[in-house]
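The structure under discussion appears below in the form of structure tokens.
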Amino acid sequence: MNMEARVGVVVEGGQRALNSAHGTVVDAGARKFLQHQHQQQQHGHSSKQGLNPQIGTIQQLLAGGIAGAFSKTCTAPLARLTILFQVQGMHSDVSALSKASIWREASRIMNEEGVRAFWKGNMVTIAHRLPYSSVNFYAYERYKSFLQSILGLEDQRGNASADLCVHFVGGGLAGMTAASATYPLDLVRTRLAAQRNAIYYRGIWHAFHTICRDEGIFGLYKGLGATLLGVGPSIAISFSVYESLRSYWQLQRPDDSTIMVSLACGSLSGIASSTATFPIDLVRRRMQLEGAAGRARVYTTGLFGTFRHIIQSEGLRGLYRGILPEYYKVVPGVGIVFMTYETLKMLLSRIPTSY
């Protein structure tokens with residue numbers, strides 16, 4: 001298998017639709033699994049071609065995007081709980097935070113806001129998927145060509161270290177580009193999901209209008225620095241853990257199902273990546289809420305000053321508020337992506353394509 005097929009950092013074709021700049025557990029696990037599936041298509045590893053149908057690039061992008069959006073919709077209640085826990089320390093008494101629990105918060109949402117409140121902000125998440133996926137995919141292709149031309153690799157094959165550099169750097173730059181281009185949608189999603197009983201933003205367009213009016217156009221980019229800071233570590237950790245686990249597993253148990261190995265290693269690499277980068281994600285969420293709904297700013301000392309403020313007021317545990325519901329998304333999230341993607345791939349393979 002050549003380096004292009006091996007590299008776990010960059011998702012080729014439509015599987016890039018599931019690449020996440022924030023290193024979330026579900027996206028990381030699903031991304032690894034779907035990439036392995038795509039590698040099998042490219043290199044003919046499947047012994048039953050009828051069960052692993054070939055589809056074009058645009059169809060892969062579409063299938064991956066739909067699978068990701070559907071998975072996020074199914075796990076949206078856990079995602080909202082994560083956000084609510086992440087931002088609790090901003091305006092709450094620290095002594096009250098120790099009493100927080102997933103069950104207590106879920107019951108509060110049910111009683112005070114209703115069942116539909118578990119999906120607050122989910123429409124923005126779905127709207128975010130297609131532009132993010134498209135920018136990510138096409139930016140990667142451009143960065144890859146540019147880096148190959150700089151390194152003189154256009155007509156060379158087999159240079160493993162150079163290929164790894166191109167894929168790793170290109171994937172990181174593409175993730176940062178896509179995150180920057182679609183960041184306002186991510187910020188609006190956080191603002192909508194963080195609302196409790198008092199509704200300040202009545203919807204997506206009202207949120208955009210209100211933020212621009214109250215905070216200016218740059219208000220839509222609060223916390224972007226934390227987002228970009230998390231891209232590199234997320235990719236590096238996810239890739240290295242996935243490749244190490246898969247290599248060890250296949251060495252110890254070579255007869256195990258490749259699907260199960262990919263799902264398990266993808267989930268574990270996602271957990272590792274999310275655990276390492278969760279503090280950055282928590283800081284990003286809190287910075288996104290700075291000045292929201294006319295409230296006074298809490299953190300006024302920048303990205304690293306925010307880290308220091310949280311540690312001083314809430315301790316190191318404060319950087320991991322909401323990590324449990326994030327973990328709970330792993331198995332259902334990856335499983336839903338797998339089933340949805342495989343079903344769509346089978347349906348789309350019946351449509352003639354010229355891609």
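All values reported here derive from a predicted model rather than from experimental measurement.
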Heavy-atom pair of closest approach, residues Ser244 and Ser240:
OG-O, 2.8 Å
When you look at Phe278 and Gln86, which way does the side-chain contact (heavy atoms from CB on, under 4.5 Å) test go after all the steps?
CA-CA 10 Å; Phe278 194 82; Gln86 283 179 321; 3.3 Å; yes
Is Phe239 reachable from Tyr248 through a run of hydrophobic residues whose side-chain heavy atoms are each under 4.5 Å from the next?
no
Is it true that the side chains of Ser273 and Ser234 contain a donor and an acceptor less than 3.5 Å apart?
yes
Donor-acceptor pair, side chain of Lys120 and main chain of Gln195, under 3.5 angstrom:
yes
Roughly how far, to the nearest 0.5 Å, is CD1 of Ile66 from CD1 of Ile126?
11.0 Å
Look at the rings of Trp205 and Phe208 and say which category their plane angle falls in: under 30° parallel, 30 to 60° tilted, over 60° perpendicular.
tilted
Please find the pair of heavy atoms, one from Leu229 and one from Pro233, that lie closest to each other, and give the distance.
O-CD, 3.2 Å
Taking atom CG of Asn122 and atom CG of Leu192, what is their separation to the nearest 0.5 Å?
11.0 Å
Applying a strict under-4.5 Å side-chain criterion to I, L, V, M, F, W and Y, I'd like to know whether Tyr221 and Leu187 cluster together.
yes
Should Val87 and Val298 be counted in the same cluster of Ile, Leu, Val, Met, Phe, Trp and Tyr side chains packed under 4.5 Å apart?
yes
Do Gln250 and Asp256 have side-chain atoms, one donor and one acceptor, less than 3.5 Å apart?
no
With a 4.5 Å cut-off on side-chain heavy atoms, are Thr340 and Ser71 touching?
no
Do the side chains of Ile83 and Val188 join up, straight or via other hydrophobic residues, at under 4.5 Å, putting them in one cluster?
no
Assess the residue pair Asn197 and Arg108 against the criterion (side-chain contact (heavy atoms from CB on, under 4.5 Å)); give the C-alpha distance rounded to whole Å, side-chain angles, the decisive distance to 0.1 Å, and a yes or no.
CA-CA 10 Å; Asn197 297 335; Arg108 185 201 64 77; 4.2 Å; yes
If we only count heavy atoms from C-beta on, is the Phe85 to Ile102 side-chain gap below 4.5 Å?
yes
For Arg80 and Glu113: C-alpha separation, side-chain torsions, deciding distance, then whether salt bridge (Lys or Arg N to Asp or Glu O under 4.0 Å) applies.
CA-CA 13 Å; Arg80 186 173 181 231; Glu113 303 177 54; 3.1 Å; yes
CZ/Arg213: more than 12 non-hydrogen atoms of other groups inside 6.0 Å
yes
Taking atom types as modelled, is there a side-chain donor on Thr275 or Tyr320 under 3.5 Å from an acceptor on the other?
no
If you round to the nearest 0.5 Å, how far is CD1 of Ile235 from NE2 of His167?
13.0 Å
Determine whether Arg285 and Asp186 make a side-chain contact, defined as any pair of heavy atoms from C-beta on separated by less than 4.5 Å.
yes
Start with the C-alpha gap between Glu314 and Arg286, add the side-chain angles, then the distance that decides, and say whether salt bridge (Lys or Arg N to Asp or Glu O under 4.0 Å) holds.
CA-CA 14 Å; Glu314 304 171 48; Arg286 294 200 180 184; 2.6 Å; yes
Measuring from Lys144:NZ to Gln148:CD, what's the distance to the nearest 0.5 Å?
6.0 Å
For Asp281, is there an ion pair with Arg284 - N to carboxylate O distance below 4.0 angstrom?
yes
Indicate the atoms forming the closest heavy-atom contact of Leu348 with Ala63, along with that distance.
CD1-CB, 3.8 Å
Shortest non-hydrogen pair, Val241 vs Ser269, comes out as CG1-CA, 3.7 Å
Grab the two heavy atoms, one from Leu185 and one from Ala127, that are nearest each other, plus how far apart they are.
CD1-O, 4.1 Å
Given 3.5 Å as the limit, does a donor-acceptor pair link the side chain of Trp119 with the main chain of Pro77, or not?
no
Atom pair CG/CD of Leu347 and Gln59 - distance to nearest 0.5 Å
11.0 Å
Measuring from Arg129:CZ to Ser134:OG, what's the distance to the nearest 0.5 Å?
11.0 Å
Residues Ala106 and Leu81: closest non-hydrogen pair is N-CD2, 4.1 Å
Are Leu220 and Tyr183 close enough that some pair of their side-chain heavy atoms sits under 4.5 Å apart?
no
Would you find more than 12 non-hydrogen atoms of other residues, nucleotides or ligands less than 6.0 Å from Phe118 atom CZ?
yes
Check for me, please, whether Leu78 and Leu282 land in the same ILVMFWY cluster - side-chain distances under 4.5 Å, paths through other members count.
yes
Hey, are the side chains of Ile336 and Lys72 touching, using non-hydrogen atoms and a 4.5 Å cut-off?
no
Keeping Ser274 on the side-chain end and Ile271 on the backbone end, is there a donor-acceptor pair under 3.5 Å?
no
Is the closest side-chain heavy-atom distance between Leu84 and Ile109 below 4.5 Å?
yes
Distance-only, no hydrogens or angles: does the Asn136 side chain make a donor-acceptor pair with backbone N or O of Tyr132 under 3.5 Å?
no
Quick one: are Glu290 and Glu215 in side-chain contact, heavy atoms under 4.5 Å?
no
Any side-chain heavy-atom pair from Tyr201 and Ile211 closer than 4.5 angstrom?
yes
Which other residues end up in the same hydrophobic cluster as Trp249, if Ile, Leu, Val, Met, Phe, Trp and Tyr are linked when side-chain heavy atoms come under 4.5 Å apart?
Val261
Which residue pairs satisfy the ring-ring contact (aromatic ring centres under 6.0 Å, His included) criterion with at least one member in residues 285-314, sequence neighbours excluded?
Tyr299-His309
Will you find, in the side chains of Tyr143 and Thr177, an N or O donor that is under 3.5 Å from an N or O acceptor?
yes
Between the main-chain N or O of Ile280 and the side-chain N or O of Thr277, is there a donor-acceptor pair closer than 3.5 Å?
no
Please check if the number of heavy atoms outside Arg202 that lie under 6.0 Å from its CZ is greater than 12.
no
Under the side-chain contact (heavy atoms from CB on, under 4.5 Å) criterion, do Gln88 and Glu105 qualify, and how do the steps go?
CA-CA 11 Å; Gln88 268 185 347; Glu105 184 63 19; 4.1 Å; yes
